[in-house]
Amino acid sequence: MSAADVTRLRTARRRRDAAMLTGGLYVAIVAALLPAFSVIAPGAWVAGAAGLAAAVLGAGLLVRLAQLPAVVASVVEAVVWVVVLTALFGRSTALLGVIPTPATFASVPGLLSGASEEIRLGVAPVPPEAGLSFLLVAAVGALALVLDHVVLTARMPLLAGVGLVAVSLIPTIAIPSDVDVAGFVLLAAALLFLLRVDTRARTAAQNPRRTTARRSPGRLGVSATAVAVAVVAVIVAVVATPLLPQPGLRFATGGSGGTGTTINPNLELGNDLRQPREVDVLTVRTTAPTAPYLRAVTLSRFDGAVWSPDSGDTVPVSGDAPVFGPVEADAEIARADWTTDVTVDALDSPWLPVPYPASTVTGLEGDWLGMPQNRTVVTRAGSTRDQQYEVQASVPRPTLEQIRSRAVGDPGLGADVTALPADVPSIIGDTAREVTASAATPYDALLALQTWFRSSAFRYSLDAPVDSGFDGAGLDAVADFLQVRAGYCVHYASAFAVMARSLGMPSRIVVGYLPGTASSIPQQGGTEYTVTSSQLHAWPEVYFQGIGWVPFEPTNSLGVPTNFASGSTSNGGTTPDTPEQDAAAPDAQPSAAPSQADRGDVGAVDTGAAATTARQGAAWVPVGIVVLALLAAAVVPALLRTARRRRRLGAARAGDAVAAWTALQEDAVDLGIPAPGAESPRAFAARLVDEHGVEADDVDLLREALERVSYAGDAPDAARGPALVATVDGIRAGLLARATPVRRVLARVLPRSLVVRPGAAEVERKSVG
């Protein structure tokens with residue numbers, strides 16, 4: 001074969017390898033995005049992201065096939081990224097629909113602001129609108145651009161694999177859920193494919209004229225490295241990730257408290273409540289006779305699987321002006337005006353805890369908005385942390401007779417508060433009708449449901465829903481909860497709300513905080529209460545005509561059940577006695593949080609110091625497992641390198657000069673000494689002597705043995721094997737002694753030769769004649 005033929009063969013191989021690397025990278029990116037569907041609802045953004053990634057990678061491949069410099073590929077990919085994003089999201093302001101103008105660039109901040117609001121206020125899986133779709137598509141395109149450079153220009157597919165694994169794990173860590181096994185297997189297969197193609201391409205480049213099918217010893221080592229990386233990634237994803245602290249109750253640095261929590265509106269409060277550490281999130285001082293519930297988010301839309309937070313028109317919160325008008329209650333309904341002061345410590349949330357029904361909120365710092373339809377307060381960019389504010393509320397206080405005389409529902413509420421899917425399990429409706437069969441009024445029916453849930457037939461438990469596999473708020477979870485009859489606030493609230501809707505009553509769920517524990521004696525300005533992270537709570541509300549939304553407390557062992565006192569007095573008047581429960585706030589002194597017995601299963605309860613010790617010890621179990629997994633991941637490269645070196649020296653001890661020379665090259669690569677394939681053994685040996693202080697006699701012994709095998713065709717000589725091994729060990733010891741301490745540690749812990757293969761392990765024999 002002529003030299004020209006060899007050149008053409010190498011060019012064809014390189015083009016094929018580039019195409020295979022590009023295709024493998026595209027599959028890996030798509031696989032890394034599959035877990036995101038648990039956080040972001042699939043939609044048009046998926047096609048946009050996949051299309052942009054394909055366009056970017058395809059443009060880079062075409063430039064490389066044209067044999068243009070790598071920098072040209074990066075520039076062309078960046079141009080394609082901008083043009084495609086413009087065509088998808090900025091056509092109205094672009095020239096010819098694809099060329100961005102200043103107006104196109106000016107629209108980007110608005111899209112990003114919209115994306116931020118969707119992320120902060122949305123509940124998983126979030127249906128993305130224009131802003132979030134733009135952010136997702138742009139991010140995937142940028143990821144493709146960066147990884148294309150990493151894999152095809154820098155030739156570091158392992159680094160790209162680490163990044164893609166991290167991307168695929170983010171949704172699982174952000175929203176507690178099972179690992180997407182199918183997506184992860186596809187990602188692992190794509191990464192192994194990338195490593196395989198890259199290794200083969202490197203081998204071909206280093207040995208362009210080798211025609212034998214004998215596997216090089218180094219190739220097996222790289223494949224073993226790839227398998228090890230995949231195994232460690234699977235262990236971390238499947239075992240360690242679910243054990244990490246979950247969101248919802250998030251501990252973070254900063255602020256005055258040093259730790260912080262947030263409010264999780266997607267009704268996965270079990271992860272919050274199961275946290276072993278409890279912190280004070282805020283304090284409340286109120287002129288009301290008892291501490292109010294603090295509401296943050298209302299959830300009215302229910303699709304059978306997920307309760308979604310309400311959204312709608314907003315009004316700015318500013319100064320002392322009323323944010324909301326008074327509750328539209330009938331004139332004969334008595335009202336009580338109360339003032340509540342809230343000081344937030346370790347709560348970091350865009351939703352502001354306020355008593356219901358708030359009318360004026362003053363003292364807030366930042367940009368806050370009120371939502372009139374549910375009387376909640378939210379921010380697009382700020383946080384509740386370190387806020388101090390005052391809330392004025394005018395609370396309707398109907399009598400028992402008044403609420404019994406009212407119908408439920410109102411045409412102006414909309415369909416969201418009554419809608420149920422068609423496939424509601426029969427146990428829900430049947431049980432609701434059975435429990436309320438003797439009720440004469442809607443209020444009596446709701447009171448019967450509340451009493452039934454709070455009876456001994458039910459048990460508060462954070463563990464039972466997990467053990468029985470129904471830890472959620474959808475219809476299936478409600479049906480299972482009604483059979484097992486053990487759960488926590490989410491299950492009680494969701495079951496109550498769904499059963500109320502099955503009876504034709506408008507209902508919704510509220511997420512907020514239970515009333516706190518009194519931390520001071522009553523005085524002028526009101527009693528002060530402390531609210532902790534364990535008092536994060538969910539409860540249902542039902543709408544009564546002429547009164548408004550009335551909360552109920554079905555959760556067994558928590559809060560105080562809703563009840564209204566009769567308005568009759570001994571003299572026949574209608575002035576109500578102090579009710580056990582006001583319409584707007586379940587307000588009697590509640591159990592601030594369930595007792596330890598309520599949190600666990602009956603018969604398995606520790607008390608006193610023993611229980612505290614057990615909880616603290618259990619808290620370290622996940623941390624210990626994660627630490628062990630990380631230590632195992634750190635040890636794997638060193639073990640692989642040790643095994644490979646022993647194999648090399650075993651072959652050298654049998655007289656294999658090629659194995660001895662390869663072992664020397666790999667030792668050099670581990671210490672940061674390059675061993676390029678284009679460098680002859682004599683040049684490499686001379687560089688070791690001149691630049692790294694290796695004894696010339698030692699390296700010449702290895703070089704001469706290699707040359708005799710390569711040029712004279714000498715067979716392996718077992719008699720010289722011990723001398724070869726001793727020489728390799730001696731040279732390595734000298735190189736280690738002259739290396740810096742950091743380099744010595746890296747050579748042992750993160751040996752580069754597992755990824756960066758040294759130059760040709762054998763010299764091509766000269767053809768004769």
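With sequence neighbours left out, the side chain to side chain donor-acceptor pair (under 3.5 Å) criterion links Arg687 to Glu679. Among residues two or more places apart in sequence or in another chain, the side chain to side chain donor-acceptor pair (under 3.5 Å) test is passed with Arg720 by none. Taking Ala651 as the reference, Asp656, Ala659 meet the side-chain contact (heavy atoms from CB on, under 4.5 Å) condition, with sequence neighbours excluded. With sequence neighbours left out, Arg708 forms a side chain to side chain donor-acceptor pair (under 3.5 Å) with no residue at all. Partners of Ala28 by side-chain contact (heavy atoms from CB on, under 4.5 Å), not counting sequence neighbours, listed by chain and number: Leu164, Leu187, Ala190, Leu191. Evaluation of the side chain to side chain donor-acceptor pair (under 3.5 Å) rule for Asp148 yields Arg64 as partners, not counting sequence neighbours. Under the rule for a salt bridge (Lys or Arg N to Asp or Glu O under 4.0 Å), the partners of Arg682 that lie at least two apart in sequence or sit in another chain are Glu707. Every ring-ring contact (aromatic ring centres under 6.0 Å, His included) that Phe684 has, sequence neighbours left out, goes to Trp661. Every side-chain contact (heavy atoms from CB on, under 4.5 Å) that Leu112 has, sequence neighbours left out, goes to Val108, Phe134, Leu135. For Ala643, the side-chain contact (heavy atoms from CB on, under 4.5 Å) test picks out no residue, with sequence neighbours left out.
The minimum heavy-atom distance between Gly672 and Arg752, with the atom names listed, is CA-NH1, 3.9 Å. Contact record, Leu702 with Ala660: CD2-CB, 4.1 Å, taken as the closest heavy-atom pair. Closest approach of Val137 to Ala49, counting heavy atoms only: CG2-N, 3.8 Å.
Note that the OG1 atom of Thr662 and the CZ atom of Arg644 stand 10.0 Å from one another [nearest 0.5 Å]. A distance of 11.0 Å separates CD1 of Ile40 from CG of Leu33, quoted to the nearest 0.5 Å. Expressed to the nearest 0.5 Å, how far CD1 of Ile29 lies from CG of Leu57 amounts to 5.0 Å. Atom OG1 of residue Thr642 and atom CZ of residue Arg647 lie 11.5 Å apart, to the nearest 0.5 angstrom.
In summary, the side chains of Ser753 and Asp670 do present a donor paired with an acceptor at a separation below 3.5 Å, with no hydrogens or angles considered.
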Worked check of side chain to side chain contact (heavy atoms under 4.5 Å, CB included) between Leu664 and Leu688: CA-CA 11 Å; Leu664 173 63; Leu688 289 180; 4.1 Å; yes
Yes or no on side chain to side chain contact (heavy atoms under 4.5 Å, CB included) for Leu21 and Leu61, after CA distance, side-chain angles and deciding distance? CA-CA 10 Å; Leu21 286 171; Leu61 178 62; over 6 Å; no
Does the salt bridge (charged side-chain N to carboxylate O under 4.0 Å, His left out) test come out yes or no for Arg645 and Asp729, once each step is laid out? CA-CA 11 Å; Arg645 192 171 191 276; Asp729 286 339; 3.1 Å; yes
Determine, step by step, whether Val140 and Leu52 satisfy the side chain to side chain contact (heavy atoms under 4.5 Å, CB included) criterion, reporting the C-alpha distance in whole Å, the side-chain angles of both residues, the deciding distance to 0.1 Å, and the verdict. CA-CA 8 Å; Val140 173; Leu52 179 55; over 6 Å; no
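Salt bridge present: Arg648 and Glu666 bring a charged side-chain N and a carboxylate O closer than 4.0 Å.
Checked by atom type and distance alone, the side chain of Tyr26 pairs as donor or acceptor with a backbone atom of Ala50 at under 3.5 Å.
Other residues, nucleotides and ligands contribute at most 12 non-hydrogen atoms within 6.0 Å of the CG atom of Asp697. When the shell of 6.0 Å around CD of Glu704 is examined, it contains more than 12 heavy atoms from other residues, nucleotides or ligands.
Within the 4.5 Å cutoff, the side chain of Leu649 has no heavy atoms near those of the Leu724 side chain.
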Which donor-acceptor pairs under 3.5 Å do side chains of residues 734-744 form with protein atoms, sequence neighbours excluded?
| residue | atom | partner | partner atom | Å |
| --- | --- | --- | --- | --- |
| Arg738 | NE | His692 | O | 2.8 |
| Arg738 | NH2 | His692 | O | 3.3 |
| Arg738 | NH2 | Gly693 | O | 3.3 |
| Arg738 | NH2 | Gly734 | O | 3.4 |
| Thr740 | OG1 | Arg743 | N | 3.2 |
| Arg743 | NE | Leu671 | O | 3.4 |
| Arg744 | NH1 | Leu736 | O | 3.2 |
| Arg744 | NH1 | Ala739 | O | 2.6 |

I'd like a table of donor-acceptor pairs (distance under 3.5 Å, sequence neighbours excluded) in which one partner is a side-chain atom from residues 68-88, with atom names and distances.
| residue | atom | partner | partner atom | Å |
| --- | --- | --- | --- | --- |
| Trp81 | NE1 | Ala138 | O | 3.1 |
| Thr86 | OG1 | Val82 | O | 2.7 |

